[in-house]
> 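Dropping a structure here in structure tokens format, bear with me for questions.
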Amino acid sequence: MIWSNGVDYLREIFAGNCDPNPSSLQKPIVMIVCKNGNDLDKRTGVIISKKFILTAMASPPQEKVCQIVKHDENAPMKLHIRESWNIINFESDESNLPASAMPQLQILPLETEIVLMQRGINSLAEPIKLIKKSLQPNGNGCLVHTLNLDTNKIEERKVSIVEYGDCITKYGKELHPLLLCIEMSPDCKHCTNLKAGSAVVCDNVLAGIVSEDASCDDNKPRICANIREARRWILNTMADASIYALANSLNIINFSLLLSLHLLNIYLF
């Protein structure tokens with residue numbers, strides 16, 4: 001690559017250029033479409049298991065009717081769809097903070113599992129691992145993967161991690177301690193180019209989920225939920241939702257069995 005001046009060089013070293021590349025992480029990224037009144041709301045989502053999707057919503061729709069869409073040019077309808085039966089919200093004691101200063105994390109449990117293997121070959125879907133270690137500010141190796149809602153293509157851009165104290169200074173207000181801040185090169189417009197729910201990936205593990213911000217400012221860092229700090233909540237929520245789904249399935253099976261026995265009793269006697 002040729003830089004026209006020293007400033008361009010520093011920008012490239014700091015956070016990469018603004019031109020998107022096709023994502024190197026195609027399989028874990030999906031589109032989430034939720035019904036919100038009469039409108040359809042679209043955002044990026046991340047597969048964290050064959051039963052659960054992670055995303056970010058400032059104001060989750062009350063109807064909680066969402067679909068997970070994975071585009072596939074080889075499929076008859078060019079896409080695969082899964083239904084979600086709930087929206088599970090991350091909750092915090094810091095309720096006095098605005099939504100833009102809070103960790104926005106939602107887990108969508110699926111009614112039908114995502115098929116990770118099909119006809120003996122790898123499918124288009126694959127979960128991503130959650131980060132375990134702390135991130136170093138200004139560290140290299142971080143990319144944000146987002147869904148271009150106009151083209152349905154998954155794109156990636158380079159980002160840098162902003163130190164938490166510096167992020168507070170740049171925003172001039174209190175921020176929740178479970179947040180992560182990222183920056184792109186100065187010419188990039190993260191308010192336009194990064195959709196809510198996009199995945200911040202460092203060293204091939206999920207480090208952050210990009211927040212939704214109606215008053216987004218391209219001159220400030222982009223706020224994300226810190227996955228390392230929310231890791232325990234994510235794992236506990238997945239476990240609880242799995243138990244609930246299993247119990248609900250058993251109740252349906254028991255009801256069906258009782259109904260069958262009742263009908264059999266009527267038939268016989």
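When reading the values below, keep in mind they use all heavy atoms of this one structure, side chains included, and skip hydrogens, waters and symmetry mates.
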> Would you say the side-chain atoms of Glu212 pair up with the backbone N or O of Ala58, donor to acceptor, closer than 3.5 Å?
yes
> Is there a donor-acceptor pair under 3.5 Å between the side chain of Glu113 and the backbone N or O of Leu110?
no
> Tell me if a side-chain donor or acceptor on Asp166 pairs with a main-chain N or O of Val162 at a distance below 3.5 Å.
no
> Apply the test side-chain contact (heavy atoms from CB on, under 4.5 Å) to residues Ile227 and Ile234: give CA-CA distance (whole Å), side-chain angles for both, the deciding distance (0.1 Å), then the verdict.
CA-CA 8 Å; Ile227 297 302; Ile234 294 171; 4.1 Å; yes
> In terms of hydrophobic clusters joined by side-chain contacts under 4.5 Å, are Met77 and Val69 together?
no
> If we ignore angles and hydrogens, is there a donor and acceptor under 3.5 Å between the side chains of Ser215 and Asp217?
no
> Is there side-chain contact between His145 and Val201, with at least one heavy-atom pair below 4.5 Å?
yes
> With a 4.5 Å cut-off on side-chain heavy atoms, are Ile154 and Thr146 touching?
no
> So Asn152 and Met31, do their side chains get closer than 4.5 Å, heavy atoms only?
yes
> Restricting to non-hydrogen atoms, name the atom on Val210 and the atom on Ala56 that form the minimum distance, rounded to 0.1 Å.
O-CB, 3.2 Å
> Do Ile87 and Asn89 come close enough that some side-chain heavy atom pair is under 4.5 Å?
yes
> Give me the atom names and distance for the closest heavy-atom approach of Lys27 to Ile47.
O-CD1, 3.5 Å
> OG of Ser23 to CG of Leu143: how many Å apart, nearest 0.5 Å?
8.0 Å
> Which atom names give the shortest non-hydrogen contact between Lys173 and Ala101, and what distance separates them?
CE-CB, 4.4 Å
> The test is side-chain contact (heavy atoms from CB on, under 4.5 Å); show your working for Leu180 and Leu135 and say whether it passes.
CA-CA 9 Å; Leu180 176 74; Leu135 284 173; 4.1 Å; yes
> With a 4.5 Å heavy-atom cut-off, do Thr55 and Leu108 have their side chains touching?
yes
> Would you give the length of the straight line joining atom CG of Asn86 to atom SG of Cys66, rounded to the nearest 0.5 angstrom?
9.5 Å
> Taking the side chain as everything from C-beta on, heavy atoms only, tell me whether Glu174 gets closer than 4.5 Å to Leu97.
yes
> How far apart are the closest heavy atoms of Gly45 and Ile32, and which atoms are they?
CA-CD1, 3.7 Å
> Which heavy atom of Tyr164 sits nearest a heavy atom of Leu175, and at what distance?
OH-O, 2.6 Å
> Are Arg82 and Gln67 close enough that some pair of their side-chain heavy atoms sits under 4.5 Å apart?
no
> Hey, could you give me the OG1/NE2 distance between Thr112 and His80, rounded to the nearest 0.5 Å?
14.0 Å
> Working to the nearest 0.5 angstrom, can you tell me the gap between Ser160 OG and Ile182 CD1?
9.5 Å
> Restricting to ring pair (Phe, Tyr, Trp, His ring centres under 6.0 Å), what partner residues turn up for Phe90, sequence neighbours left out?
Trp233
> Run the side-chain contact (heavy atoms from CB on, under 4.5 Å) check on Cys142 and Ile161 step by step: do they pass?
CA-CA 8 Å; Cys142 293; Ile161 306 300; 4.0 Å; yes
> Applying the 4.5 Å side-chain criterion to the ILVMFWY set and letting contacts propagate, would Ile128 and Ile29 be lumped into a single cluster?
yes
> Check the pair Met184, Leu194 against side-chain contact (heavy atoms from CB on, under 4.5 Å), reporting the backbone distance first and the verdict last.
CA-CA 10 Å; Met184 302 168 69; Leu194 299 186; 3.7 Å; yes
> We want to know whether Glu156 and Asn21 form a side-chain donor-acceptor pair, criterion being a heavy-atom distance below 3.5 angstrom.
no
> Are Lys170 and Glu183 close enough for a salt bridge, meaning some N to O gap below 4.0 Å?
yes
> Looking only at the SG atoms, are Cys181 and Cys224 under 2.5 Å from each other?
no
> Do Leu130 and Lys132 touch side chain to side chain, with heavy atoms closer than 4.5 Å?
no
> Might you confirm whether atom NZ of Lys133 has over 12 heavy atoms from other residues, nucleotides or ligands at distances under 6.0 Å?
no
> Give the minimum heavy-atom separation between Gln104 and Met57, together with the two atoms involved.
OE1-C, 3.6 Å
> How long is the span from the NE2 atom in His176 to the OG atom in Ser211, to the nearest 0.5 Å?
11.5 Å
> Does anything in residues 218-237 pair up under salt bridge (Lys or Arg N to Asp or Glu O under 4.0 Å), and if so which pairs, sequence neighbours excluded?
none
> Would the distance check show the side chain of Ser84 and the main-chain N or O of Val65 forming a donor-acceptor pair, the cut-off being under 3.5 Å?
no
> How long is the straight-line distance from CG of Leu206 back to NZ of Lys129, given to the nearest 0.5 Å?
13.0 Å
> Determine whether Glu155 and Lys153 satisfy the following criterion, salt bridge (charged side-chain N to carboxylate O under 4.0 Å, His left out), listing intermediate values before the conclusion.
CA-CA 6 Å; Glu155 301 172 345; Lys153 301 294 184 182; over 6 Å; no
> State whether the number of non-hydrogen atoms from other residues, nucleotides or ligands found under 6.0 Å of Lys51 atom NZ is greater than 12.
no
